[in-house]
Amino acid sequence: MCLFCEIAAGRIPSTCLYEDEDVFVFKDINPQAPVHFLVIPKQHIDSLNGLTPENASAAAKCLLVAARVAKEQGLDGGYRLISNCGDDAGQTVHHLHFHVLGGTKMGERVL
Ligand code: 5GP
Ligand code: ZN
């Protein structure tokens, strides 16, 4: 099983911010902003390239939850949402995830 499947199953500890039957949200272990959390579908999907009409609702739900948790985390001034897809983007964990970054003015740098 992949690292994020293990985290979503609770077999590897994380700081969980939200969980339901489809989505798991936890703090990034190496934060790149004052607030940096990851939103993942519990279902294993490799990346955005693994989305199909059948599983796309899992990604849609991640986006809904991302906005909700961003609000709970006090990101009223805005936030950035990133999904690295594949080697050129620097994807290191091959389980679809959305980074949510905020709590500072990020300017135009990427991540
Ligand atoms: P990627 O580079 O694939 O877009 O992002 C993977 C992210 O997962 C990185 O920001 C990294 O810090 C985070 N990460 C890697 N291993 C762990 C872990 O064991 N626990 C947590 N909470 N985050 C992790
Ligand atoms: Zn997985």
Side-chain angles (χ1 to χ4, degrees):
M1 229 186 219
C2 90
L3 174 64
F4 284 0
C5 281
E6 297 283 1
I7 286 176
R11 283 191 288 271
I12 291 177
S14 68
T15 304
C16 177
L17 300 177
Y18 174 91
E19 178 177 16
D20 65 26
E21 68 270 26
D22 301 314
V23 177
F24 194 85
V25 182
F26 57 106
K27 288 189 178 178
D28 196 291
I29 205 167
N30 182 23
Q32 302 298 306
V35 177
H36 183 181
F37 60 86
L38 301 171
V39 183
I40 67 172
K42 285 191 170 175
Q43 176 189 0
H44 181 90
I45 300 168
D46 285 346
S47 73
L48 288 171
N49 281 344
L51 289 175
T52 64
E54 289 70 38
N55 66 19
S57 63
K61 193 157 181 201
C62 284
L63 299 186
L64 279 171
V65 167
R68 173 176 163 175
V69 177
K71 188 166 188 179
E72 284 170 6
Q73 292 292 306
L75 301 182
D76 300 320
Y79 54 90
R80 184 167 289 166
L81 187 142
I82 292 174
S83 189
N84 293 321
C85 179
D87 290 341
D88 281 1
Q91 183 180 6
T92 57
V93 179
H94 294 275
H95 179 127
L96 177 63
H97 54 280
F98 298 94
H99 296 261
V100 177
L101 300 126
T104 186
K105 204 96 180 161
M106 280 179 286
E108 294 187 2
R109 65 190 171 83
V110 174
L111 180 63

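Residue numbers start at 1 and run along the sequence shown. As the structure lists them, so they are numbered: ligands from 1, and atoms in each ligand from 1.
Shown in contact with His99 at under 4.0 Å from a heavy atom are these atoms of ligand 1, numbered in order with element: 1 (P), 4 (O), 5 (O), 7 (C), 10 (O). The atoms of ligand 1 that sit less than 4.0 Å from any heavy atom of Leu38 are 8 (O). Within the listing of ligand 1, atoms 2 (O) sit less than 4.0 angstrom from a heavy atom of Gly90. Close contacts between ligand 1 and Thr92 involve ligand atoms 1 (P), 2 (O), 3 (O), 5 (O), 6 (C) [criterion: under 4.0 Å to a heavy atom]. For ligand 1, the atoms closer than 4.0 angstrom to any heavy atom of Gln91 are 3 (O). Listed by number with element, the atoms of ligand 1 under 4.0 Å from a non-hydrogen atom of Phe26 are 21 (C), 22 (N).
Residue-level proximity to ligand 1 for Leu3 is carried by the side chain, the only part with a heavy atom below 4.0 angstrom. Of the heavy atoms in Phe4, only side-chain atoms (C-beta onward) come closer than 4.0 Å to ligand 1.
Side-chain contact between Val39 and Val100: present, with at least one pair of heavy atoms (C-beta onward) separated by less than 4.5 Å. For the pair Ile40/Leu96, no side-chain contact is recorded, criterion being any heavy-atom separation below 4.5 Å from C-beta on.
The option with the heavy atom closest to atom 11 (C) of ligand 1, from among Asn30, Asp28, Ile40, is Asp28.
For Ile12, the closest heavy-atom approach to ligand 1 does not fall below 4.0 Å. Heavy atoms of Ile7 come nearer than 4.0 angstrom to ligand 1 in at least one pair. Taking 4.0 Å as the cut-off, Gln32 does not count as a neighbour of ligand 1 on heavy-atom distance. Using 4.0 Å as the threshold, His97 has a heavy atom nearer than that to some atom of ligand 1.
Of the possible polar contacts, none joining the Thr104 side chain to the Met106 backbone as a donor-acceptor pair under 3.5 Å is found. In this structure a side-chain-to-backbone donor-acceptor pair under 3.5 Å is missing from Ser14 to Phe26. Distance alone, capped at 3.5 Å, is enough to place a donor-acceptor pair between the His95 side chain and the Pro41 backbone. No donor-acceptor pair closer than 3.5 Å links the side chain of Glu19 to the backbone N or O of Leu17. Judged by distance alone, the side chain of Asn55 and the main-chain N or O of Gly50 form a donor-acceptor pair under 3.5 Å. Without hydrogens or angle criteria, Gln91 side chain to Asp46 main chain gives a donor-acceptor distance under 3.5 Å.
Below 3.5 Å of separation, one finds an N or O of Val93 facing an N or O of ligand 1. Not a single N or O atom of Ser14, backbone or side chain, sits closer than 3.5 Å to an N or O atom of ligand 1.
The existence of a salt bridge linking Lys61 and Asp20 is confirmed by a sub-4.0 Å separation between a basic side-chain nitrogen and an acidic carboxylate oxygen.
Ala66 and Leu81 get closest at one heavy-atom pair: CB-CD1, 3.8 Å.
Sorted by first and then second residue, the ring-ring contact (aromatic ring centres under 6.0 Å, His included) pairs with a member in residues 45-83 form an empty list; sequence neighbours excluded.
Less than 2.8 Å away from the Zn ion (ligand 2), the protein contributes these N/O/S atoms: Cys2 SG, Cys5 SG, His44 ND1, His95 ND1.
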Would you please test Ile7 and Phe24 for side-chain contact (heavy atoms from CB on, under 4.5 Å) and show each step?
-> CA-CA 9 Å; Ile7 286 176; Phe24 194 85; 3.7 Å; yes

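Of the inter-residue distances, the one linking Ile29 atom CD1 with Thr15 atom OG1 reads 8.5 Å to the nearest 0.5 angstrom.
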